[in-house]
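Given the structure is predicted, the values throughout are model-derived calculations rather than measurements.
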Amino acid sequence: MLDKNIFDLLPDTIKNAVQGLRELHQSPDELSIPTILQVANFAVQGTTNVDPNLWKPMPTSLYTVILNKSSGRKSTVLNEVMQGIKSFEKKEKQRYKNEILSYNILHSEWEKDFKKAVKDGDPLPQEPVNPVGSTYMLEKATVNGLIDALADVPHCGLINADSAEFFKSHAFQDKSSGRDTEMITTLSKLFSGERVSRQTGVKENNVSIEDRRFCMLAMLQEELADFLTNDNYRDQGFTHRLLISVVPDYNETFVSMADAKKRTPAIQSKLLGPFNDRVEQLLETVIPNSEYNKSTNKTFAMQQKLSHAAPQPSELMLTAMTVSETDESNQLIDEFRQLTDALKTQQGYSKFANFMNRRLEHMLRVAATLAKFNGDKEITVRWVRAAIGIVEWFTTMRVEMDIKSNDDNLIVKAANSVYDWMQTKNHNEITQRELQQKGPRAYTKLPLDSRKLVIEEMISRGMIDLQCDDSTGKKTLRLM
């Protein structure tokens with residue numbers, strides 16, 4: 001659970017939404033707060049950068065992963081705080097439907113004007129641009145899918161209550177063709193606000209986009225999160241960009257159907273409604289700053305029917321949110337930086353050193369999200385303090401989680417196989433050489449270094465005792 005002192009610093013709309021999820025679904029903070037924070041982040045990313053005063057302004061976008069058990073009410077909780085986004089997208093789809101009709105008429109007029117200008121030798125009219133698209137929310141994506149989506153809209157998000165399909169897809173798992181590297185490189189570039197491109201053999205299909213924003217909320221079961229230990233993802237810097245929440249086991253109090261039906265509408269209206277309204281309000285402010293070419297009076301009236309043109313690379317209006325220049329703010333940030341440097345060398349934190357290097361960046365993105373969502377124009381001491389507490393919370397969960405890699409799972413599986421084999425075959429003791437010659441395939445097929453790890457695993461779990469004959473060097477495994 002998030003510390004109460006930190007929770008009290010959050011915007012009222014967010015606190016009320018968390019309370020609403022507690023009352024409706026008994027959701028623990030580890031599920032509700034990261035979900036709500038990420039939805040709020042999606043709402044602000046299209047209008048707001050954060051200026052750390054230490055380096056150039058950067059996106060506010062966050063990548064969040066929530067590890068929860070199966071049937072952990074992931075979809076139920078997410079649906080409660082997605083109503084603002086769904087309402088916004090519904091309006092956008094209707095807007096796009098209307099504008100594409102106008103655009104098609106306008107483009108038809110342009111084609112006639114273009115042909116006439118070519119024939120008469122007059123200046124060529126500028127081709128009208130497609131209207132902004134209407135799909136801001138993705139459930140899964142390939143690299144091409146992400147690029148195509150961001151070619152149509154200024155920002156988008158991948159928010160999914162069951163993200164296993166995404167992380168187990170060819171885009172993430174296909175090492176042979178390099179698709180996995182391409183995907184995590186693209187996600188890393190988008191996180192940093194860098195340009196992403198698609199180069200093909202066909203010029204018309206080449207796409208290059210920049211100044212777009214993308215955020216992600218992935219919910220999945222812990223046993224499906226072995227990608228978090230993938231060396232390639234770590235080396236490419238992808239996992240360091242993730243805020244990870246681990247939902248603990250919790251017991252639910254029984255609520256009758258009658259009580260649930262009676263209180264649900266009031267809670268949704270009073271506690272969750274204002275949050276969803278604020279999300280929709282913020283999304284409606286993301287309007288690309290562009291106009292259609294008014295080259296002829298003939299098309300001017302039709303152009304006015306189109307509310308805004310497709311976003312161009314420089315057209316996303318992003319206001320840099322800065323930290324208030326006060327001694328208290330500066331002191332809090334300096335203390336947070338010093339603590340981060342000190343933690344890097346401590347046991348339990350050292351293996352997350354690269355994530356620790358990004359803690360300041362994560363903190364500033366969270367602080368900017370809270371400030372903008374609350375309607376503030378700068379990051380005050382309140383938001384700095386709240387963001388520090390939230391990132392400390394995420395850090396603790398990250399350090400304490402125990403996600404086994406595929407290699408680790410093979411070691412554990414082999415250790416169990418050897419133990420079962422020794423019991424079944426009544427091998428109360430056996431030499432390492434005999435184990436290699438006669439043992440179960442789960443052990444014998446492993447390379448030498450991994451077989452050593454299997455022995456260490458069995459010893460650490462009290463399965464065997466390893467005896468070594470100093471005179472011969474023979475090593476013998478004995479069942480405990």
Visitor: Would you call the rings of Tyr63 and Phe238 parallel, tilted or perpendicular, taking 30° and 60° as the class edges?
Guide: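 Tilted, since the angle between the ring planes falls between 30° and 60°.
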Visitor: Would you say the side-chain atoms of Arg398 pair up with the backbone N or O of Leu242, donor to acceptor, closer than 3.5 Å?
Guide: yes
Visitor: Could you pull out the closest heavy-atom pair between Ala415 and Met458, with the gap in Å?
Guide: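 Shortest heavy-atom contact: CB-CG, 3.6 Å.
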Visitor: Flag the pair Lys56 and Asp51 as a salt bridge only when some basic side-chain nitrogen lies within less than 4.0 angstrom of an acidic carboxylate oxygen.
Guide: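 A salt bridge is absent here (no side-chain N lies under 4.0 Å from a carboxylate O).
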Visitor: Please answer whether the main-chain N or O of Phe373 pairs with a side-chain N or O of Arg278 as donor and acceptor at a distance below 3.5 Å.
Guide: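 Side chain of Arg278 to backbone of Phe373: a pair is present.
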Visitor: May I ask you to check whether Thr60 and Gln45 show a side-chain donor-acceptor distance below 3.5 Å?
Guide: no
Visitor: With rounding to the nearest 0.5 angstrom, report the CG to CG distance, Leu217 to Asn160.
Guide: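 Those atoms lie 8.5 Å apart.
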Visitor: Can you give me the closest heavy-atom contact between Cys215 and Gln38, atom names plus distance?
Guide: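 Minimum heavy-atom contact is CB-NE2, 3.5 Å.
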Visitor: Under the criterion salt bridge (charged side-chain N to carboxylate O under 4.0 Å, His left out), I'd like the reasoning laid out for Lys15 against Asp8: C-alpha separation, chi angles, the key distance, then a yes or no.
Guide: CA-CA 8 Å; Lys15 284 190 293 187; Asp8 289 342; 5.1 Å; no
Visitor: With rounding to the nearest 0.5 Å, note down the distance linking CE in Met397 to CD in Glu400.
Guide: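 Rounded to the nearest 0.5 Å, the CE-CD separation comes to 9.0 Å.
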Visitor: Taking the six-membered ring for Trp, is the centroid-to-centroid distance between His362 and Phe355 below 6.0 Å?
Guide: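 Aromatic pair counts; centres sit under 6.0 Å.
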Visitor: What distance separates Ser329 OG from Arg382 CZ, expressed to the nearest 0.5 Å?
Guide: 13.5 Å
Visitor: Side-chain contact test, heavy atoms from C-beta onward, threshold under 4.5 Å: evaluate it for Ile6 versus Ile388 and give yes or no.
Guide: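 They are not in contact (no side-chain heavy atoms under 4.5 Å apart), so the answer is no.
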Visitor: Between Lys344 and Asn357, do the side chains contain a donor N or O and an acceptor N or O under 3.5 Å apart?
Guide: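 Yes, because at least one side-chain N or O of Asn357 sits under 3.5 Å from a partner of the opposite role on Lys344.
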Visitor: State, yes or no, whether a side-chain contact exists between Glu80 and His25 at a heavy-atom distance under 4.5 Å.
Guide: yes
Visitor: Between Lys452 and Glu456, is the salt bridge (charged side-chain N to carboxylate O under 4.0 Å, His left out) condition met? List the steps.
Guide: CA-CA 6 Å; Lys452 291 180 180 178; Glu456 292 176 4; over 6 Å; no
Visitor: Without swapping roles, check the side chain of Arg73 against the backbone of Ser27 for a donor-acceptor pair under 3.5 Å.
Guide: no
Visitor: Taking C-beta and beyond as the side chain, do Met137 and Glu89 meet within less than 4.5 Å on heavy atoms?
Guide: yes
Visitor: Go through the steps to decide whether Arg198 and Asp148 satisfy the test side chain to side chain contact (heavy atoms under 4.5 Å, CB included), and finish with yes or no.
Guide: CA-CA 10 Å; Arg198 177 177 63 220; Asp148 288 340; 2.9 Å; yes
Visitor: Going from CG on Leu360 to CZ on Phe336, what distance comes out if it is rounded to the nearest 0.5 angstrom?
Guide: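 Leu360 atom CG to Phe336 atom CZ measures 6.5 Å (nearest 0.5 Å).
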Visitor: Compare every heavy atom of Ile209 with every heavy atom of Ala151, then report the nearest pair and how far apart it is.
Guide: CA-CG2, 4.3 Å
Visitor: Do the side chains of Phe191 and Pro59 get nearer than 4.5 Å, heavy atoms only?
Guide: no
Visitor: Does any donor atom in the side chain of Asp376 or Trp383 lie under 3.5 Å from an acceptor atom in the other side chain?
Guide: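 Note: Asp376 and Trp383 side chains meet the donor-acceptor criterion.
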Visitor: With Arg212, which of Ile147, Val153, Leu150 fulfils side chain to side chain contact (heavy atoms under 4.5 Å, CB included)?
Guide: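 Exactly one pass, corresponding to Leu150.
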Visitor: Cut-off 3.5 Å, side chains only: do Asp469 and Gln467 have a donor facing an acceptor?
Guide: no
Visitor: Are Tyr136 and His155 close enough that their ring centers fall under 6.0 Å?
Guide: yes
Visitor: Show your working on side chain to side chain contact (heavy atoms under 4.5 Å, CB included) between Ser192 and Arg241 and close with a plain yes or no.
Guide: CA-CA 10 Å; Ser192 302; Arg241 292 171 166 84; 3.6 Å; yes
Visitor: Please give me the minimum heavy-atom distance between Ser32 and Val77, naming the atom from each residue.
Guide: CA-CG1, 4.5 Å
Visitor: When you measure from the side chain of Ser417 to the backbone of Lys413, do you find a donor-acceptor pair of N or O atoms at a distance under 3.5 Å?
Guide: yes
Visitor: What's the spacing between Leu364 CG and Thr369 OG1 if we round to 0.5 Å?
Guide: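 Nearest 0.5 Å value for the CG-OG1 distance: 10.5 Å.
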Visitor: Would you confirm whether Thr185, through its side chain, and Glu182, through its main-chain N or O, come within 3.5 Å as a donor-acceptor pair?
Guide: no
Visitor: Specify the closest pair of heavy atoms between Ile14 and Leu10, including all atoms of both residues, with the distance to one decimal.
Guide: CG2-CD1, 4.1 Å
Visitor: With side chains defined as the heavy atoms from C-beta onward, is the minimum distance between Thr135 and Asp152 less than 4.5 Å?
Guide: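 A side-chain contact under 4.5 Å is absent here.
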Visitor: When you measure from the side chain of Asp29 to the backbone N and O of Leu2, does any donor-acceptor pair fall under 3.5 Å?
Guide: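 The answer is yes, because a donor-acceptor pair under 3.5 Å joins these two groups.
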Visitor: Compute whether any side-chain donor of one residue and acceptor of the other, for Asp341 and Gln338, lie under 3.5 angstrom apart.
Guide: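 Gln338 and Asp341 do not have a side-chain donor-acceptor pair below 3.5 Å.
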Visitor: My understanding is that only residues two or more places apart in sequence, or in another chain, count here; which of them pass side-chain contact (heavy atoms from CB on, under 4.5 Å) with Pro28?
Guide: Glu30, Leu31, Val247, Tyr250
Visitor: I need the Leu271 CG to Asp12 CG distance, nearest 0.5 Å.
Guide: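 The CG atom of Asp12 is 11.5 Å from CG of Leu271, to the nearest 0.5 Å.
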Visitor: Is Asn41 reaching over with its side chain to a backbone N or O of Leu62, donor-acceptor style, under 3.5 angstrom?
Guide: yes
Visitor: Using only atom types and a distance under 3.5 Å, with no angle test, would you say the side chain of Ser460 pairs donor to acceptor with the backbone of Glu457?
Guide: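 Present.
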Visitor: Ignoring hydrogens and angles, write down the donor-acceptor pairs under 3.5 Å from the side chains of residues 432-440, residues two or more places apart or on other chains.
Guide:
residue: Glu434; atom: OE1; partner: Thr431; partner atom: N; Å: 3.2
residue: Glu434; atom: OE1; partner: Thr431; partner atom: OG1; Å: 3.3
residue: Gln436; atom: OE1; partner: Arg451; partner atom: NE; Å: 2.9

Visitor: Go through the steps to decide whether Phe214 and Leu146 satisfy the test side chain to side chain contact (heavy atoms under 4.5 Å, CB included), and finish with yes or no.
Guide: CA-CA 9 Å; Phe214 173 78; Leu146 281 173; 3.4 Å; yes
Visitor: Of all the heavy-atom pairs spanning Leu370 and Ala387, show the shortest one and how long it is.
Guide: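 Between these two residues, the closest heavy atoms are CD1-N, 4.3 Å.
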Visitor: Taking the side chain as every heavy atom from C-beta outward, state whether Leu67 and Ile244 have any pair of such atoms under 4.5 Å apart.
Guide: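 Touching, per the 4.5 Å side-chain cut-off.
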Visitor: For the residue pair Val39 and Met82, establish whether any side-chain heavy-atom pair is separated by less than 4.5 Å.
Guide: yes
Visitor: Applying side chain to side chain contact (heavy atoms under 4.5 Å, CB included), run through Ile464 and Ile455 and close with a yes or a no.
Guide: CA-CA 8 Å; Ile464 61 169; Ile455 302 303; 4.2 Å; yes
Visitor: Main chain of Val44, side chain of Thr47: is a donor-acceptor contact present, judged purely on distance under 3.5 Å?
Guide: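 Looks like yes, one N/O pair under 3.5 Å.
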Visitor: Testing Arg358, Arg359, Glu335 one by one against Thr340 for a side-chain hydrogen bond (donor to acceptor under 3.5 Å, both in side chains), which residue passes?
Guide: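 Looking at Arg358, Arg359, Glu335, the match for Thr340 under the side-chain hydrogen bond (donor to acceptor under 3.5 Å, both in side chains) is Arg359.
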Visitor: Measure the shortest side-chain to side-chain distance between Ile159 and Met219 over non-hydrogen atoms and say whether it is less than 4.5 angstrom.
Guide: no
Visitor: Side-chain atoms of residues 472-480: list all donor-acceptor pairs with protein atoms under 3.5 Å, sequence neighbours left out, distances to 0.1 Å.
Guide:
residue: Thr472; atom: OG1; partner: Lys474; partner atom: N; Å: 3.2
residue: Arg478; atom: NE; partner: Glu429; partner atom: OE1; Å: 2.9

Visitor: Quiz question: by atom type and distance under 3.5 Å, do the side chains of Arg213 and Asn49 form a donor-acceptor pair?
Guide: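 Indeed, the side chains of Arg213 and Asn49 share at least one donor-acceptor pair under 3.5 Å.
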Visitor: Do the numbers put Arg385 on top of the ring of Phe7, so that NZ or CZ is under 6.0 Å from the six-membered ring centre and no more than 45° off the axis?
Guide: no
